[in-house]
> 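Once you've had a glance at the structure underneath, I'll fire off some questions.
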Amino acid sequence: MEETETKTIMQELADLCQEIYEKSYHDVFDFGEYSDEELQEQKAMLLRKKELLANLHLETIVEQKEIPEPNGEDFFTLWNRLWDMRIESQPVLREIYSVVALSQIFKKVKIYRGSVEEDIRVHSCVIMPSGTGKSEGNDFLYQFAIRNGKKYYSIERFTDAILTGSIKRGILDRNTSKGLKEGDIGWKDPTTPSVLTTYDYVVSDEGESILKSSRQTEGAQRLLQKAMNRYGSEGNLLTNNLVDGEITARPDCSIAITSYYLDEFKDTLLERGLLQRMIVYIQEENEDRRTKIIDRIIGDIASFTDNKDEAYAEIFERKDLVDGYYAQLVAEVNRLKKIHQDTEYVVMMDESKPILRNSIDELRNIMPMLVGQKQIWESMISRLTVNILKISAIYALADGRDYIMAKDTTKASSLMMETMRSVAFFLKDNVQTKMDNRTVQVHARLKAKKGGYFLSEKEWVEYLVKEMGFSEQQGKILIKNFIDNGKMSYRADKKLVLS
């Protein structure tokens with residue numbers, strides 16, 4: 001009988017880090033020294049994250065080779081099948097775009113919370129290496145839009161005139177010269193409306209220009225932020241004061257931005273509120289993924305051995321198959337529209353609230369971070385809560401319900417875990433604030449003055465207050481950060497010692 005090899009705690013932690021974050025243990029926890037108790041706490045934390053991820057199924061749909069018959073498949077099965085026939089190895093992007101697409105189908109439905117009515121529009125920003133499917137994903141959304149009576153706009157320039165609207169001077173002068181007022185016969189509207197109100201999906205395929213943090217982009221980013229604010233709120237109103245008059249707009253579109261990675265991206269994440277309003281997904285270069293994409297491109301080419309008619313037959317069969325699936329997808333969308341034609345609000349079952357609370361807690365503590373990084377991360381959490389709520393509502397509506405169940409919130413939380421872990425690593429690897437540099441200096445100074453001392457947490461905080469000029473709250477934050485990052489550890493007697 002073979003003996004099963006028992007893994008060490010470090011091997012278990014390494015496996016869990018790879019499974020959850022697709023990173024090594026030291027990428028997640030750095031190189032701090034941890035006690036056995038702290039390692040067990042890390043394991044418990046990782047197992048909670050694993051459980052959170054387990055509810056989002058990102059398998060590739062097996063392709064069929066014959067024209068499908070309607071068989072009652074739900075929206076996501078049909079969406080995933082069509083996506084996987086075209087785009088290789090992008091299951092997270094597939095799920096993000098599915099909820100963006102549906103958020104416009106159901107955009108008149110609201111979530112009532114407190115005294116406000118939250119619309120369920122979802123917006124996305126995806127940062128990916130070139131040639132991995134960004135543009136294909138946007139075109140897939142375009143194909144969905146035109147087949148379902150929705151308007152799609154590919155935005156390249158972010159001027160005030162495009163984002164808020166403009167006035168045609170010639171038409172204005174004509175109305176004035178003829179003494180025509182609005183409502184008169186012959187009067188023509190001199191305004192060109194904002195693309196953010198005219199179109200349902202406003203997509204920037206090459207989003208590098210708007211993601212750069214500069215004086216040129218600051219105004220445009222502010223307008224996009226307002227466009228993503230709660231529909232109908234004061235913050236959702238765009239205004240453009242022109243010589244010939246004022247133009248206003250209340251956007252109800254969904255915005256999608258895709259880009260390759262650029263250094264300025266971190267400035268936008270840190271200094272502007274644009275990305276906090278979006279589902280942000282950052283994908284690193286991956287050699288295996290790129291190999292699969294290349295193999296897929298080659299494999300999908302219609303080919304033959306002896307008779308080229310075989311290749312043409314393959315083309316026509318493929319086109320019929322795609323058309324058949326699109327017809328089913330459109331039929332499913334129309335079925336859902338009919339179900340929800342009178343749906344005004346989505347409500348939530350009580351069973352979903354503790355799941356939402358627990359998910360937010362897990363995401364708040366997604367991994368150890370420096371103090372400044374943690375502050376940036378916390379600033380994103382409140383909007384993250386709203387996004388999970390919106391996605392939960394979309395999953396419920398797609399299931400034919402006007403109420404959110406536990407399974408909807410669980411699945412929505414899993415999707416946000418998928419996306420936010422990429423943002424967390426981006427912060428960890430690319431952003432070190434003044435506060436973080438200060439934290440490193442404080443630790444070095446403490447090592448010099450109090451290295452080897454065994455003090456309670458309260459005593460360490462008192463030292464930071466009395467001897468180093470920190471407030472009590474700052475002291476508590478620093479000590480917690482030292483513990484989280486292995487710079488300080490507990491002894492058996494619950495005293496803390498610097499590592």
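Both backbone and side-chain heavy atoms feed into the values below; hydrogens, waters and symmetry mates do not.
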> Should the pair E284-R289 be classified as a salt bridge under the 4.0 Å nitrogen-to-oxygen rule?
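So E284 does not pair with R289 through a salt bridge.
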
> Under 4.0 Å between a Lys/Arg side-chain N and an Asp/Glu carboxylate O for K212 and E208?
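Result for this pair is no, no salt bridge flagged.
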
> Which pair of non-hydrogen atoms, one from Y490 and one from E38, has the smallest distance, and what is that distance?
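Of all heavy-atom pairs spanning Y490 and E38, the closest is N-OE2, 3.7 Å.
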
> Could you verify whether a donor N or O on one side chain and an acceptor N or O on the other, from Q283 and Q90, lie under 3.5 Å apart?
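There is such a pair between these side chains.
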
> Hey, are S35 and S489 close enough side-chain-wise for a donor-acceptor pair under 3.5 Å?
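No, S35 and S489 have no side-chain donor paired with an acceptor closer than 3.5 Å.
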
> Checking ring pair (Phe, Tyr, Trp, His ring centres under 6.0 Å) for the pair F140/F144: CA distance, chi angles, key distance, verdict?
CA-CA 6 Å; F140 189 87; F144 174 83; 8.0 Å; no

> Please verify the inter-ring angle class for Y152 with Y142; under 30° counts as parallel, over 60° as perpendicular, anything in between as tilted.
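Y152 and Y142: perpendicular rings.
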
> V423 and V280: which non-hydrogen atoms are nearest, and at how many Å?
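Residues V423 and V280, closest heavy atoms: CG2-O, 3.6 Å.
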
> OG1 of T409 to CG of L389: how many Å apart, nearest 0.5 Å?
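The CG atom of L389 is 7.5 Å from OG1 of T409, to the nearest 0.5 Å.
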
> Any chance you could measure I120, atom CD1, to I391, atom CD1, to the nearest 0.5 Å?
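Output value for this atom pair is 11.0 Å.
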
> If we count only N and O atoms by modelled type, under 3.5 Å, do the side chains of Q40 and K43 hold a donor and an acceptor together?
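No, K43 and Q40 have no side-chain donor paired with an acceptor closer than 3.5 Å.
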
> Establish, from distance only, whether the side-chain atoms of N236 and R230 form a donor-acceptor pair under 3.5 Å.
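Judged by distance alone, the side chains do not pair up.
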
> State, without any angle test, whether S24 and D27 hold a side-chain donor-acceptor pair at a distance under 3.5 Å.
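Present: a donor and an acceptor within the cut-off.
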
> Which distance, rounded to the nearest 0.5 Å, do you find between the NZ of K494 and the CZ of R491?
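Result: 12.0 Å between the selected atoms.
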
> Out of I339, I105, V346, which one pairs with L397 under the side-chain contact (heavy atoms from CB on, under 4.5 Å) rule?
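That would be V346; it is the only one of I339, I105, V346 passing the side-chain contact (heavy atoms from CB on, under 4.5 Å) with L397.
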
> Keeping the roles fixed (side chain from W377, backbone from A424), state whether a donor-acceptor pair exists under 3.5 Å.
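No, because the side chain of W377 does not come within donor-acceptor range (under 3.5 Å) of the backbone of A424.
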
> Does D84 pair with R94 as a salt bridge, N-O distance under 4.0 Å?
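Answer for the salt bridge query: yes.
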
> Between L102 and F75, is the side chain to side chain contact (heavy atoms under 4.5 Å, CB included) condition met? List the steps.
CA-CA 9 Å; L102 281 175; F75 173 87; 3.4 Å; yes

> What's the shortest heavy-atom distance between M420 and L363, and which atoms?
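Minimum heavy-atom separation between M420 and L363: CB-CD2, 4.2 Å.
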
> Just wondering, more than 12 heavy atoms not from E472 lying within 6.0 Å of its CD?
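No, because the 6.0 Å sphere around CD of E472 holds 12 heavy atoms or fewer from other groups.
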
> I'd like to know if D205 and K134 make a salt bridge, using a cut-off of under 4.0 Å between side-chain N and carboxylate O.
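No salt bridge links D205 with K134.
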
> Going from CD1 on I96 to CG on L141, what distance comes out if it is rounded to the nearest 0.5 angstrom?
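Interatomic distance, I96 CD1 to L141 CG, rounded to 0.5 Å: 12.5 Å.
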
> After noting the C-alpha distance and the side-chain angles of Q328 and Y326, does the key distance pass the side chain to side chain donor-acceptor pair (under 3.5 Å) rule?
CA-CA 5 Å; Q328 289 189 22; Y326 268 120; over 6 Å; no

> Given the rule in the salt bridge (charged side-chain N to carboxylate O under 4.0 Å, His left out) test, do K110 and D119 qualify, once you have shown the distances and angles that lead to the verdict?
CA-CA 5 Å; K110 300 176 286 293; D119 67 82; over 6 Å; no

> Is the count of non-hydrogen atoms from other residues, nucleotides or ligands lying under 6.0 Å from D36 atom CG greater than 12?
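Not buried by this count: 12 neighbours or fewer within 6.0 Å.
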
> Using the rule given for side chain to side chain donor-acceptor pair (under 3.5 Å), can you reason through E117 versus Y345, listing the C-alpha separation, both sets of side-chain angles and the distance that settles it, and then say yes or no?
CA-CA 9 Å; E117 295 182 339; Y345 297 105; 2.4 Å; yes

> How far does NE2 of H123 sit from CD1 of I255, to the nearest 0.5 angstrom?
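Atom-to-atom, H123:NE2 and I255:CD1 are 6.0 Å apart.
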
> If you draw a 6.0 Å radius around NZ in K476, do more than 12 non-hydrogen atoms from other residues or ligands fall strictly inside?
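No, not enclosed.
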
> Can you give me the closest heavy-atom contact between Y25 and A14, atom names plus distance?
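Between these two residues, the closest heavy atoms are CB-CA, 4.1 Å.
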
> Could you tell me which non-hydrogen atom of R121 sits nearest to which non-hydrogen atom of N229, and how far apart they are?
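R121 and N229 have their closest heavy atoms at NH2-O, 2.8 Å.
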
> If you measure from the Lys or Arg side-chain nitrogens to the Asp or Glu carboxylate oxygens, is any gap between E88 and K292 under 4.0 Å?
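Looking at E88 and K292, the cut-off is not met.
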
> Ring pair (Phe, Tyr, Trp, His ring centres under 6.0 Å) between Y325 and W83: does it pass, once the steps are laid out?
CA-CA 11 Å; Y325 280 133; W83 179 286; over 10 Å; no

> Would you kindly check if the NZ (Lys) or CZ (Arg) of K390 is within the cone defined by 45 degrees around the ring axis of F106 and under 6.0 Å from the six-membered ring centre?
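Judged by the rule (NZ or CZ under 6.0 Å from the ring centre, within 45° of its axis), K390 is not positioned above F106.
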
> Does the distance from a Lys or Arg side-chain N to an Asp or Glu carboxylate O, for E12 and K7, drop under 4.0 Å?
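Here E12 does not pair with K7 in a salt bridge, since their nearest N and O are not under 4.0 Å apart.
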
> Does atom NZ of K353 have more than 12 heavy-atom neighbours from other groups under 6.0 Å away?
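12 or below, so no.
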
> Please determine if D300 and R86 form a salt bridge, counting it only when a charged side-chain N lies under 4.0 Å from a carboxylate O.
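Judged by the 4.0 Å cut-off on N to carboxylate O distance, D300 and R86 do not form a salt bridge.
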
> Show your reasoning for whether salt bridge (charged side-chain N to carboxylate O under 4.0 Å, His left out) applies to D399 and R401.
CA-CA 6 Å; D399 199 33; R401 289 177 280 107; 3.1 Å; yes

> Which value, rounded to the nearest 0.5 Å, describes the distance between N387 atom CG and S413 atom OG?
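Here the rounded value is 11.5 Å.
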
> Mind listing the closest non-hydrogen atom pair of S392 and A412 along with its distance?
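Closest heavy-atom pair between S392 and A412: OG-CB, 3.4 Å.
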
> Above 12 or not: heavy atoms from other molecules or residues under 6.0 Å from CD of Q18?
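Yes, because the 6.0 Å sphere around CD of Q18 holds more than 12 heavy atoms from other groups.
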
> Hydrogens and angles aside, do N358 and R48 bring a side-chain donor and acceptor to less than 3.5 Å of each other?
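There is no such pair between these side chains.
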
> Check this for me: does any side-chain nitrogen of one of K108 and E344 sit under 4.0 Å from a carboxylate oxygen of the other?
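Salt bridge: no.
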
> Taking atom CD of E37 as the centre, report whether more than 12 heavy atoms of other residues, nucleotides or ligands fall under 6.0 Å from it.
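It does not: E37 CD has 12 such atoms or fewer within range.
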
